[in-house]
Amino acid sequence: MDLLYPITPTHYLVLSAVLFGIGTAGVLSRKNLFIVLMSLELMLNAVNLSFVTFSRINGDLTGHVIVLFVVAVAAAEACVGLAIVIALYRLKESVDLDVFKSLKG
Amino acid sequence: MIEAVLFYILAAVLVGLGLVVITRTNPIASALAMVGAFGSLAALYALLSATFVAILQILVYAGGIMVLIIFVIMLLNLHLDDLKPMQAKGILVALALLGVLGIAFGPVFLMVLPQGNWSFATLPEGFGSIFSVGEKIFSDYLFPFEMLSLVLLTAVVGVLVLSKRKL
């Protein structure tokens, strides 16, 4: 019961680690470009949760500011990533990662 | 008590929807699960008294990025028959790599976690409100904040170049 009831920062950090693991598994195991992109977003969000938790531990707002930066960079990354997906789809008519292996030796 | 109940409900929703995101064949289903996951994450931020971040999460992620992703998925006119479901081999590879990572980092975490006497600090008035975060941004982090506009400008120009018909 001690492990479960008073919610400590460790609970949030473990949740963040689990979310990051789910995101990593998605990036590594899926072949669909969209789902890989979304898994990346999931990983970024797990890191944000850690930042906010540490911010809450110290009572310092720096973590919140960094989350703002991460969200802005994630938005830029999503835009560029989706533009690349569209360019790739025009090229090969597919969003499957197995199709794009012309650089594979 | 109410905080613990809320935390466990939100954490279960978040992990469940995260698993839905990475297991669906149809990217639209993944994207919709992702919107739900972001909503529950925003509620978790609110539990950590990060009001500004919670609003940001809803506005930018659920409202901006996910709409963009869903828009592009629908734009591409994919057929469900062409999409591959999750493969057992992929899951095995992912689990193996996660296991290696866990073995590598697990002991470090177990060493660090009990040492930090981590508990939630008593918060100053207005912690995490838009006012206090704004004050922090425009005093200590003014230059990085202005650089952010440059990052976004670069992204806009990059997207315009990438989406030209003749690359």
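Only heavy atoms go into these numbers, but all of them, side chains included; no hydrogens, no water, no symmetry mates. In the text below, chain A, chain B and the rest are named by the order of the sequence lines, each starting its count at 1.
- Looking at B:Glu135, there are no atoms closer than 4.5 Å to chain A (heavy atoms on both sides), in backbone or side chain.
- No part of B:Leu92 comes within reach of chain A, as not one of its non-hydrogen atoms sits under 4.5 angstrom from that chain.
- When the side chains of ILVMFWY residues are joined at heavy-atom separations under 4.5 Å, either directly or via intervening members, A:Val70 and B:Leu142 end up in a single hydrophobic cluster.
- Considering CG of A:Leu61 and OG of B:Ser129, their distance stands at 8.0 Å, rounded to 0.5 Å.
- With rounding to the nearest 0.5 angstrom, the CG atom of A:Leu19 is 5.0 Å from the CG atom of B:Leu14.
- Residue contact with chain A, scored on non-hydrogen atoms closer than 4.5 Å, involves the side chain of B:Val53 exclusively.
- The local environment of CZ in A:Phe100 is crowded, with over 12 non-hydrogen atoms from other residues, nucleotides or ligands closer than 6.0 Å.
- When hydrophobic clusters are built by joining Ile, Leu, Val, Met, Phe, Trp and Tyr residues whose side-chain heavy atoms come closer than 4.5 Å, directly or via intermediates, B:Phe105 is not grouped with B:Val100.
- Contact of B:Leu97 with chain A is made through the side chain alone, with heavy-atom distances under 4.5 Å.
- If you chain together hydrophobic residues whose side chains sit under 4.5 Å apart, B:Phe131 and A:Val65 never meet in one group.
- For A:Arg90, the part lying under 4.5 angstrom from a heavy atom of chain B is the side chain only.
- In terms of non-hydrogen atom pairs under 4.5 Å with chain A, the most contact-rich of B:Ile73, B:Asp140, B:Leu152, B:Leu68 is B:Ile73.
- Counting heavy-atom pairs under 4.5 Å between each of A:Val73, A:Leu28, A:Val27, A:Val67 and chain B puts A:Leu28 at the top.
- In terms of heavy-atom pairs under 4.5 angstrom with chain B, the leader among A:Ile84, A:Leu49, A:Val95 is A:Leu49.
- A heavy-atom distance below 4.5 Å is not found between the side chains of B:Ser163 and A:Ile86.
- Of all the heavy atoms in A:Met38 and B:Met34, the pair that sits closest is O-CE, 3.0 Å.
- When the side chains of ILVMFWY residues are joined at heavy-atom separations under 4.5 Å, either directly or via intervening members, A:Val18 and B:Leu6 end up in a single hydrophobic cluster.
- Residue with the most contacts toward chain A among B:Gly128, B:Ala37, B:Gly158, B:Gly102: B:Gly128 (heavy-atom pairs, distance under 4.5 Å).
- Judged as a side-chain hydrogen bond (donor to acceptor under 3.5 Å, both in side chains), the pairs with a partner in residues 61-73 of chain A (not counting sequence neighbours) are, in order, A:Asp60-A:Thr62.
- With hydrophobic clusters built from ILVMFWY side chains whose heavy atoms lie under 4.5 angstrom apart, B:Val67 does not share a cluster with B:Ile70.
- With rounding to the nearest 0.5 angstrom, the CZ atom of A:Arg30 is 7.5 Å from the OG1 atom of B:Thr23.
- Considering every non-hydrogen atom in both B:Ala50 and A:Val52, the closest pair reads CB-CG1, 3.7 Å.
- Between A:Phe69 and B:Pro144, the closest side-chain pair of non-hydrogen atoms falls below 4.5 Å.
- A:Asn48 touches chain B through backbone and side chain together, each having a heavy atom under 4.5 Å away.
- Between B:Tyr141 and A:Ile66 the shortest side-chain heavy-atom distance does not fall below 4.5 Å.
- How far CZ of B:Phe145 is from CG of A:Leu68: 6.0 Å, rounded to the nearest 0.5 Å.
- Chain A forms more heavy-atom pairs under 4.5 Å with one residue of B:Leu19, B:Val93, B:Val156, B:Leu95 than with any other, namely B:Leu19.
- For A:Val80, the parts sitting under 4.5 Å from any heavy atom of chain B are the backbone and the side chain alike.
- Listed by first and then second residue, the salt bridge (Lys or Arg N to Asp or Glu O under 4.0 Å) pairs that reach into residues 31-45 of chain B come to none, sequence neighbours excluded.
- Nearest heavy-atom pair, B:Ile65 versus A:Ala75, reported as atom, atom and distance to 0.1 Å: CD1-CA, 3.7 Å.
- Heavy atoms of A:Phe54 lying under 4.5 Å from chain B belong exclusively to its side chain.
- Contact of A:Leu33 with chain B is not made at all, since no heavy-atom distance falls under 4.5 Å.
- Chain A forms more heavy-atom pairs under 4.5 Å with one residue of B:Leu78, B:Thr154, B:Leu75, B:Val60 than with any other, namely B:Leu78.
- Among A:Val36, A:Leu37, A:Asn32, A:Leu91, the residue making the largest number of heavy-atom pairs under 4.5 Å with chain B is A:Asn32.
- Taking both residues in full, the closest heavy atoms of A:Phe34 and B:Pro27 are given as CB-CB, 4.1 Å, listed atom of the first, atom of the second, then distance.
- Between A:Ala25 and B:Ile22, the closest heavy-atom pair is CB-CD1, 4.2 Å.
- For A:Ala74, the parts lying near chain B are the backbone and the side chain together; criterion is any non-hydrogen pair under 4.5 Å.
- B:Leu44 contributes atom CG, which lies 6.0 Å from atom CG of A:Leu15 (distance to the nearest 0.5 angstrom).
- Comparing B:Val151, B:Ile91, B:Leu98 by heavy-atom pairs within less than 4.5 Å of chain A, the highest count is held by B:Leu98.
- Contact record, B:Ala4 with A:Ile7: CA-CG1, 3.5 Å, taken as the closest heavy-atom pair.
- By number of non-hydrogen pairs under 4.5 angstrom with chain A, the leading residue of B:Asn77, B:Val21, B:Leu41 is B:Leu41.
- Residue contact with chain B, scored on non-hydrogen atoms closer than 4.5 Å, is absent for A:Ser94.
- Rounded to the nearest 0.5 Å, atoms CG (A:Leu82) and CD1 (B:Ile69) are 5.5 Å apart.
- Residue contact with chain A, scored on non-hydrogen atoms closer than 4.5 Å, involves the side chain of B:Met66 exclusively.
- Looking at B:Leu56, the atoms closer than 4.5 Å to chain A (heavy atoms on both sides) all sit in the side chain, from C-beta outward.
- Checking side-chain atoms of A:Tyr89 against main-chain N and O of B:Leu76 turns up a donor-acceptor pair under 3.5 Å.
- Using a 4.5 Å cut-off between heavy atoms, A:Glu41 touches chain B through backbone and side chain atoms alike.
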